[in-house]
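Single-structure report; data block below.
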Amino acid sequence: MTRRAALLLAAGLAALTMGTAAQAQFSLAVSPPRFELSAQPGERVRDVIELTHRDTQPGAYKLKTSDWTFRPDASVDFSDELLPGSCRPWVAIERRELSITPGRPYRFRFEVTPPAGTPPTECRFAVMIEGQQPAAAPGVPVALGARIGVIVYVAVGDVAPVLELAGTSVQTVDGRATPVLKIRNTGTAHGRLAGFLSGTDAGGTELELQASTTPIMAGETREIALLANKPGESETAVAVRFPITVRGKLEWGKSGSMPINQRFAP
């Protein structure tokens, strides 16, 4: 897992996929990149994606829903086909084609209605937004194109993550040896770790470590990197001199917590 992947996931698993030519032409801002909603069986829940086209000409877009799979390498696979257990039949979007005026945000509506009698489950899908580009200009062999996937989670009924520490290791992340937690989720919904830990490295330097906010899906075990920085400077990663002792507590879910007291050595 790279630091870039960790930051992408921290932003919400919004996925941007592009073709091969001049992709800066895809001038769309999307907010928020992720939704975490809740509903009861038979209840309709609605929300809005704000789309802002940042170009001088109106933008044309296609929209649809998609299933997705979160791979072990932290990449996302999207599927137009309904995957087993898909909840996309519960989802309605307001339209499938859209023209957006430059500089004027468009509030795109979607809704999810779990059928009455649905057992507790976590519904997951993506709203895909794809640019409709004109034909390639003379001398440009490939038409421009890109798409963004906005991830939606809907907790239907009483579901929640249950996270536990299943092991530790030291791995290379962006070319640096990095302490890593192996986290198991035995619950019924995805979970994320949040918070900061205190660390002391081999040189006696005090460090602050932040857990990657990579989601851990129900029933899976995933490796979560601890990114080190100087206390109070969370935006600047620093190299760790091993061994390092890490202590503190990480939070997850509405009230879950995980005490950490581990020594990491390569």
Side-chain angles (χ1 to χ4, degrees), residues 1-15 32-39 67-77 83 85 87 119-126 151-174 177-199 207-229 234 237 240 244-265:
M1 177 177 60
T2 67
R3 182 172 176 82
R4 178 180 178 278
L7 292 174
L8 173 62
L9 291 160
L13 254 178
R34 179 183 80 233
F35 290 85
E36 298 195 9
L37 310 175
S38 60
D67 283 317
W68 58 274
T69 303
F70 191 33
R71 296 172 58 85
D73 65 359
S75 63
V76 182
D77 283 341
L83 297 181
C87 63
T121 187
E122 181 175 66
C123 167
R124 301 197 307 264
F125 63 94
I151 300 299
V152 182
Y153 301 88
V154 184
V156 181
D158 186 15
V159 295
V162 178
L163 304 186
E164 58 187 35
L165 182 63
T168 62
S169 63
V170 176
Q171 299 184 24
T172 300
V173 178
D174 274 359
T178 302
V180 172
L181 303 175
K182 181 179 287 186
I183 304 298
R184 180 184 298 120
N185 184 354
T186 60
T188 51
H190 81 287
R192 302 171 193 268
L193 294 176
F196 293 88
L197 302 170
S198 298
L207 297 173
E208 191 171 70
L209 296 98
Q210 182 177 14
S212 163
T213 55
T214 302
I216 305 115
M217 301 302 167
E220 79 168 12
T221 300
R222 187 167 290 274
E223 293 175 330
I224 302 297
L226 297 177
L227 305 180
N229 53 266
S234 60
V240 175
I244 181 174
T245 300
V246 178
R247 297 184 178 88
K249 184 170 64 174
L250 296 172
E251 309 293 332
W252 53 265
K254 293 182 179 179
S255 57
S257 65
M258 179 183 300
I260 302 292
N261 186 354
Q262 298 289 327
R263 183 178 184 271
F264 295 84

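- Closest of all the heavy-atom pairs between Val240 and Ala228 is CG2-CB, 3.5 Å.
- Taking the centre and axis of the six-membered ring of Phe70, the NZ or CZ atom of Arg124 falls outside the cone set by 45° and 6.0 Å.
- Closest heavy-atom contact between Asp73 and Ser75: OD1-OG, 2.6 Å.
- Closest heavy-atom contact between Ser212 and Ile224: O-CG2, 3.4 Å.
- Here NZ of Lys249 is found 13.0 Å from OG of Ser198. Values are rounded to the nearest 0.5 Å.
- When side chains are defined from C-beta on, Gln171 counts as touching Glu223, because their heavy atoms get closer than 4.5 Å.
- Not a single donor-acceptor pair under 3.5 Å links the side chain of Asn229 to the backbone N or O of Ala237.
- Ring pair His190/Tyr153 is parallel by interplanar angle, where below 30° counts as parallel and above 60° as perpendicular.
- The NZ atom of Lys182 sits 7.5 Å away from atom OG1 of Thr221, with the distance rounded to the nearest 0.5 Å.
- Using a 4.5 Å heavy-atom cutoff, the side chains of Leu193 and Thr213 are not in contact.
- Between Leu163 and Met258, the closest side-chain pair of non-hydrogen atoms falls below 4.5 Å.
- Of the inter-residue distances, the one linking Cys87 atom SG with Asp67 atom CG reads 7.0 Å to the nearest 0.5 angstrom.
- For the side chain to side chain contact (heavy atoms under 4.5 Å, CB included) with Trp68, the lone residue among Ile151, Asp77, Val152 that qualifies is Ile151.
- Using a 4.5 Å cut-off on side-chain heavy atoms (C-beta onward), Ile183 and Arg222 make no contact.
- The structure places CD of Glu251 at 5.5 Å from OG of Ser257, a figure rounded to the nearest 0.5 Å.
- Between Arg184 and Ala166, the shortest heavy-atom contact is NH2-CB, 3.6 Å.
- The minimum heavy-atom distance linking Ala177 with Val170 is given by the pair CB-CG1, 4.0 Å.
- Taken to the nearest 0.5 Å, the CZ atom of Phe196 stands 5.5 Å off from the CD atom of Glu208.
- Of all non-hydrogen atoms in Ala225 and Val173, the two that sit nearest each other are CB-CG2, 4.5 Å.
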Chi angles and distances behind the side-chain contact (heavy atoms from CB on, under 4.5 Å) call for Arg247, Leu197: CA-CA 6 Å; Arg247 297 184 178 88; Leu197 302 170; over 6 Å; no

Apply salt bridge (Lys or Arg N to Asp or Glu O under 4.0 Å) to the pair Glu36 and Arg192, showing each step before the final yes or no. CA-CA 12 Å; Glu36 298 195 9; Arg192 302 171 193 268; 3.5 Å; yes

Evaluate the side-chain contact (heavy atoms from CB on, under 4.5 Å) criterion for residues Thr69 and Val76: first the C-alpha distance (whole Å), next the side-chain angles of each, then the deciding distance (0.1 Å), finally the verdict. CA-CA 6 Å; Thr69 303; Val76 182; over 6 Å; no

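- The shortest distance between side-chain heavy atoms of Val180 and Leu226 does not fall below 4.5 Å.
- For the side chain to side chain contact (heavy atoms under 4.5 Å, CB included) with Val246, the qualifying choice from Leu207, Leu209, Leu181, Asn261 is Leu209, the only one to do so.
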